[in-house]
Peer 1: 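I have a structure here, written as structure tokens, and I will follow up with some questions on it.
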Amino acid sequence: MSLRLHDTATRSVRDFVPRVPGEVGIYLCGLTVQSPPHIGHLRSAVNYDVLRRWLMRSGYRVTFIRNITDVDDKVLTNSAKAGEPFWALAYSNERILSDHYSRLGVLDPTYEPRATGHITEMHDLIATLISDGHAYPAEDGSADVYFDVKSFDRYGHLSGQKPDSMQPAEDGPERAKHDPRDFALWKGAKPDEPVEAQWPSPWGRGRPGWHIECSAMCWRYLGPEFDIHGGGLDLVFPHHENEVAQSQAAGLPFARFWVHHGLLNLGGSKMSKSDGNVIDLPSIMALGVRPVELRYYLAAPQYRSVIDYSEEALREAASAYRRIENFAERASERFGAGEPGVLCAEFVEAMDDDLNTSGALGAVHDVVREGNTALAAGEDTTAQGALASVRGMLDVLGLDPLSPQWSSGGSSEGLRPVVDSLVALALEQRAAARTRKDWAAADAVRDRLKQAGVVTEDTAHGPRWTIEGR
RNA sequence: GGCGGGUUGGCCGAGUGGCUUAGGCAAGGGCCUGCAAAGCCCUGUACGCGGGUUCGAUUCCCGCACCCGCCUCCA
């Protein structure tokens, strides 16, 4: 069995067959960097990171392109409000985004192109569309260029929309459009817009329409046809519909699979900057929840399902992750971390079934239980095997507790040997007290350590300690 | 109005025409422990409502209710 993926275009789960055997090209719609990211955006990144890791683990060479849209209406609006150039605001948000991605263990993309770096490719596409009769420059001298929706009979195919039954836009048709559903490929510069957000074009100075940048970047980095295009469910229409229309009308076969992930809701509606119901990584960390625990929370449900954010569910996920982590740490203290090993069949089957991470984690927990039992029984070979397997499976999800990403305690890690020897001193005292059955003295040592944030526990192989809440 | 998705035990969340009906969190009981902690074992017994198909439906079909997303910037 091999990977089966849900494809939005056919509304079905299909066998994934790459265009070129052994190789996969993925384009993920990244962010418009109008403001810093919230955890809904991070869910998106984590979901496709899991897809990518699973493809890599399955033996594919993966080219992963995730774009940054660094110029659009909102970027301009927000930068005007902030009184800084649009590129300063965009870049500042982009850096925050990168930081949050890396804190969540999201692998760096193969390349991360920016819209503003691909104006010439957009011009090429637009010129082709105009000469083939799929686009037209506005006749009002605005320098706008519009895509002619009626000229492309498959318009609406991806999202299942029938253009004729669509609700008319509230703001009414723009005069320059032949049809209210036509969308801008190129937006002519307005008098009040900053010159640094304008580029020359054969149709006049202006900037890209919203969708054209993705068509241009897909084409540039993945070629006329590629394997997987991903993004949030809220992008299906109009963004992806318009993207596929303009690309195919320009003669590019485009994406073979459309993968869309479910959204993250807060308070009964989609987490959204414009609605103000937003939670970001810093506020999650302020709850005492670590990034790896957030990653578990975001990765555990199947990617197409809705997540209704709640702090309770987040904390439950953190507890579930700690259980796995606990096993991995105990086992590695016994006989070293080893290397990530074989995946169990249930895990593979679940992942191949449209990335059923929830089912896959069920398999992980089963192995953790077996590992714990083996550890308690002193069956070292079994326990070691369980550790390797758990690490291998968690690595696919980007959650291996012993990977360098998560295992180091950051800047304080260098202090660990120091603390270790100090705690050892205290534990010797406790051991002595226990030997003479002076339980009060033994417990006093343990209590003092607890007050200092050091949790001690007795195991079959002697006492061990951990930092409380790490 | 159009398109799509959802409703599973206290909570999160898979899944399936019956068979052993995941897994986690929380709860109760037990084992282990000097006491703990961690771990292990056991317990709860669920599939929005109403019809239909079927020997049998949580799972398939129809209807209804409610929720969410999209049709407008949005991961």
Side-chain angles (χ1 to χ4, degrees), chain A residues 8 11 28-32 34-35 37-48 69 72-75 77 156 159-171 181 210 230-239 241 260-265 268-275 296-297 300-302 304-308 310 312-324 326-327 329-330 346 350 353 356-366 368-377 434 437-440 442-443 446-447 450 455-460 463-466:
Chain A
T8 306
R11 278 156 274 275
L28 169 61
C29 273
L31 256 64
T32 301
Q34 42 154 313
S35 47
H38 59 242
I39 60 173
H41 300 125
L42 298 178
R43 178 190 191 188
S44 172
V46 166
N47 282 161
Y48 294 99
T69 295
D72 92 318
D73 293 354
K74 283 226 167 125
V75 173
T77 307
S159 59
Q161 300 279 339
K162 294 181 197 78
D164 293 333
S165 58
M166 287 181 352
Q167 210 168 50
E170 277 175 22
D171 51 359
R181 292 171 293 252
W210 174 30
L233 215 43
D234 55 350
L235 293 183
V236 177
F237 193 94
H239 186 234
E241 190 68 72
H260 290 101
H261 67 267
L263 303 178
L264 195 148
N265 288 181
S269 64
K270 178 173 73 165
M271 189 169 286
S272 159
K273 289 172 232 182
S274 35
D275 293 351
Y296 184 99
Y297 174 66
Q302 207 267 352
R304 285 193 287 125
S305 62
V306 174
I307 295 180
D308 273 305
S310 77
E312 189 192 0
L314 175 67
R315 291 192 187 281
E316 286 177 1
S319 297
Y321 182 70
R322 288 212 184 93
R323 173 181 161 78
I324 299 173
N326 248 323
F327 164 68
E329 287 178 352
R330 273 156 217 281
E346 294 78 18
D353 182 16
N356 182 359
T357 47
S358 186
L361 280 169
V364 171
H365 276 102
D366 287 342
V368 166
R369 192 182 328 105
E370 287 163 21
N372 275 327
T373 302
L375 218 46
R434 293 184 72 203
K437 297 197 191 303
D438 183 353
W439 309 126
D443 291 350
R446 189 168 61 195
D447 291 346
K450 181 94 194 301
V455 180
T456 57
E457 50 192 271
D458 299 318
T459 77
R464 72 185 286 267
W465 67 271
T466 48

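Chain letters run A, B, ... following the sequence lines, proteins first and then strands; every chain starts at 1.
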Peer 1: Can you identify which nucleotide, out of B:A36, B:A14, B:C12, has its nearest atom closest to the A:Ala313 side chain?
Peer 2: B:C12
Peer 1: How is A:Gly30 classified with respect to the nucleic acid when contacts are heavy atoms under 4.0 Å: base, sugar-phosphate, or nothing?
Peer 2: sugar-phosphate
Peer 1: Taking all non-hydrogen atoms of both residues into account, name the closest pair between A:Ser35 and A:Lys273 and its distance.
Peer 2: OG-CD, 2.6 Å
Peer 1: For A:Leu314 and B:C11, what is the distance between atoms CG and C1' respectively, to the nearest whole Å?
Peer 2: 14 Å
Peer 1: Return the 5'-most residue of the pair A:Asp458, A:Cys29 with respect to RNA chain B, ranking by each residue's nearest nucleotide.
Peer 2: A:Asp458
Peer 1: Give me the distance, rounded to whole Å, that separates B:G1 from B:C61 when you measure between the C1' atoms they each carry.
Peer 2: 26 Å
Peer 1: Check the distance between B:G13's C1' and A:Ile307's CD1 and give it to me in whole angstrom.
Peer 2: 11 Å
Peer 1: Counting any heavy atom closer than 4.0 Å, what does A:Gly268 reach on the DNA or RNA strands: base, sugar-phosphate only, or nothing?
Peer 2: sugar-phosphate
Peer 1: Give me the distance, rounded to whole Å, that separates B:U16 from B:G50 when you measure between the P atoms they each carry.
Peer 2: 25 Å
Peer 1: Nearest nucleotide by nearest heavy atom, which residue falls closer to the 5' end of RNA chain B, A:Ile39 or A:Asn372?
Peer 2: A:Asn372
Peer 1: Heavy atoms under 4.0 Å, any strand shown: does A:Gly40 hit a base, just sugar-phosphate, or nothing?
Peer 2: base
Peer 1: Let's test your reading of the model: under 3.5 Å, does the base of B:A36 pair with the side chain of A:Arg446 as donor and acceptor?
Peer 2: yes
Peer 1: Using every non-hydrogen atom in the two residues, find where A:Leu233 and A:Gly262 come nearest and quote the distance to one decimal.
Peer 2: CD2-CA, 4.4 Å
Peer 1: Rounded to whole angstrom units, what separation is found between the CG atom of A:Leu235 and the C1' atom of B:C71?
Peer 2: 14 Å
Peer 1: Measure from the side chain of A:Arg434, starting at C-beta and using heavy atoms only, and say which of B:A14, B:C35, B:C40 lies closest.
Peer 2: B:C35
Peer 1: What are the two closest heavy atoms between A:Arg43 and A:Gln302, and how far apart are they?
Peer 2: NH2-O, 3.3 Å
Peer 1: Distance between the P atoms of B:U8 and B:G4, in whole angstroms?
Peer 2: 23 Å
Peer 1: Between A:Tyr296 and A:Tyr321, what is the ring plane arrangement, given parallel below 30°, perpendicular above 60°, and tilted in between?
Peer 2: tilted
Peer 1: Looking across every strand, which nucleic acid part, if any, lies under 4.0 Å from A:Gln161 by heavy atom: base, sugar-phosphate, or nothing?
Peer 2: base
Peer 1: Checking all strands, does A:Leu233 fall into the base, sugar-phosphate, or nothing category for heavy-atom contacts under 4.0 angstrom?
Peer 2: nothing
Peer 1: For A:Thr456 and A:Trp465, indicate whether the former's side chain and the latter's backbone hold a donor-acceptor pair under 3.5 Å.
Peer 2: no
Peer 1: Does A:Lys450 come within less than 4.0 Å of A:Asp447, counting only side-chain N to carboxylate O?
Peer 2: no
Peer 1: How far does the P atom of B:C41 sit from the matching atom of B:A57, given to the nearest Å?
Peer 2: 34 Å
Peer 1: Record whether the side chain of A:Asn265 comes under 3.5 Å of the base of B:G69 through a donor-acceptor pair of N or O atoms.
Peer 2: no
Peer 1: Check the distance between B:C12's C1' and A:Arg43's CZ and give it to me in whole angstrom.
Peer 2: 13 Å
Peer 1: Check every strand shown and say whether A:Ser269 touches a base, only sugar-phosphate, or nothing at a heavy-atom separation below 4.0 Å.
Peer 2: sugar-phosphate
Peer 1: Indicate, with a heavy-atom threshold strictly under 4.0 Å, whether A:Lys74 touches base, sugar-phosphate, or nothing.
Peer 2: base
Peer 1: Could you give the distance separating B:A14 and B:U7 at their P atoms, to the nearest angstrom?
Peer 2: 9 Å
Peer 1: Under 4.0 Å between any heavy atoms, over every strand shown, what does A:Gln34 touch: base, sugar-phosphate, or nothing? Just pick one.
Peer 2: nothing
Peer 1: Rounded to whole angstrom, note down the C1' distance from B:C49 over to B:G30.
Peer 2: 41 Å
Peer 1: If you look at every strand shown and take non-hydrogen atoms under 4.0 Å, does A:His365 touch a base, only sugar-phosphate, or nothing?
Peer 2: sugar-phosphate
Peer 1: Counting side-chain heavy atoms from CB outward, which of B:G10, B:C70, B:A38 is closest to A:Lys270?
Peer 2: B:C70
Peer 1: Answer with yes or no whether A:Arg11 presents, from its side chain, a donor or acceptor under 3.5 Å of a partner atom in the base of B:G4.
Peer 2: no
Peer 1: Between B:A37 atom C1' and A:Glu329 atom CD, what is the distance in whole Å?
Peer 2: 15 Å
Peer 1: Would you mind telling me which of B:A75, B:G13, B:C40 lies closest to the side-chain atoms of A:Ser358?
Peer 2: B:G13
Peer 1: Return the value, rounded to whole Å, for the distance between atom CG of A:Asp447 and atom C1' of B:A37.
Peer 2: 12 Å
Peer 1: At less than 4.0 Å, is any side-chain N or O atom of A:Asn356 found next to OP1 or OP2 of B:G15? Yes or no.
Peer 2: yes
Peer 1: With a 3.5 Å limit on both atom pairs, tell me what B:G10 is paired to, counting Watson-Crick and G-U wobble, or say none.
Peer 2: B:C25
Peer 1: Students often get this wrong, so: under 4.0 angstrom with heavy atoms, is A:His261 touching a base, only sugar-phosphate, or nothing?
Peer 2: base
Peer 1: Name the one of A:Asp366, A:Asn372, A:Thr373 that satisfies side-chain hydrogen bond (donor to acceptor under 3.5 Å, both in side chains) with A:Arg369?
Peer 2: A:Asp366
Peer 1: A:Glu457 CD to B:G34 C1': how many Å, rounded?
Peer 2: 17 Å
Peer 1: Could you check whether A:Asp443 gets within reach of a base, just the sugar-phosphate, or nothing at all, counting any heavy atom under 4.0 Å?
Peer 2: base
Peer 1: Starting at CD of A:Glu312 and ending at P of B:G24, how long is that distance when rounded to a whole Å?
Peer 2: 18 Å
Peer 1: Identify whether any heavy atom of A:His38 sits under 4.0 Å from a base atom; if not, whether one sits that close to sugar-phosphate; answer base, sugar-phosphate or nothing.
Peer 2: base
Peer 1: Indicate yes or no: at least one non-hydrogen side-chain atom of A:Val236 is less than 4.5 angstrom from one of A:Glu241.
Peer 2: no
Peer 1: Could you let me know what B:C64 is paired to, Watson-Crick or G-U wobble, both distances under 3.5 Å, or none if it's on its own?
Peer 2: B:G48
Peer 1: State which of B:C40, B:G13, B:A37 makes the closest approach to the side chain of A:Arg369.
Peer 2: B:C40
Peer 1: With P as the reference atom in both, quote the distance from B:U43 to B:U21 in angstrom, rounded to an integer.
Peer 2: 11 Å
Peer 1: Strictly below 4.0 Å, N to O, side chains only: are A:Glu457 and A:Arg330 in salt-bridge contact?
Peer 2: yes
Peer 1: Can you check the distance between B:A26 and B:C19, where both ends of the measurement are the C1' atom (answer in whole Å)?
Peer 2: 30 Å
Peer 1: Have a look at A:Arg323 and say if it touches a base, only the backbone sugar-phosphate, or nothing, with a 4.0 Å heavy-atom cut-off.
Peer 2: sugar-phosphate
Peer 1: So A:Leu375, base contact, sugar-phosphate only, or nothing? Heavy-atom distance under 4.0 Å.
Peer 2: nothing
Peer 1: Counting side-chain heavy atoms from CB outward, which of B:G10, B:A14, B:C3 is closest to A:Glu316?
Peer 2: B:G10
Peer 1: Which nucleotide, if any, forms a Watson-Crick or G-U wobble pair with B:A38, using both distances under 3.5 Å?
Peer 2: none
Peer 1: Could you please name the option among B:A75, B:C25, B:A38 that lies closest to any side-chain atom of A:Leu263?
Peer 2: B:A75
Peer 1: Side-chain contact, heavy-atom cut-off 4.5 Å: A:Arg434 with A:Asp458?
Peer 2: yes
Peer 1: Please determine, for B:G18, whether a Watson-Crick or G-U wobble partner exists with both distances under 3.5 Å, and give it or none.
Peer 2: B:C55
Peer 1: Nearest to the side chain of A:Ser305, heavy atoms from C-beta on, is which of B:G39, B:A75, B:A14?
Peer 2: B:A14
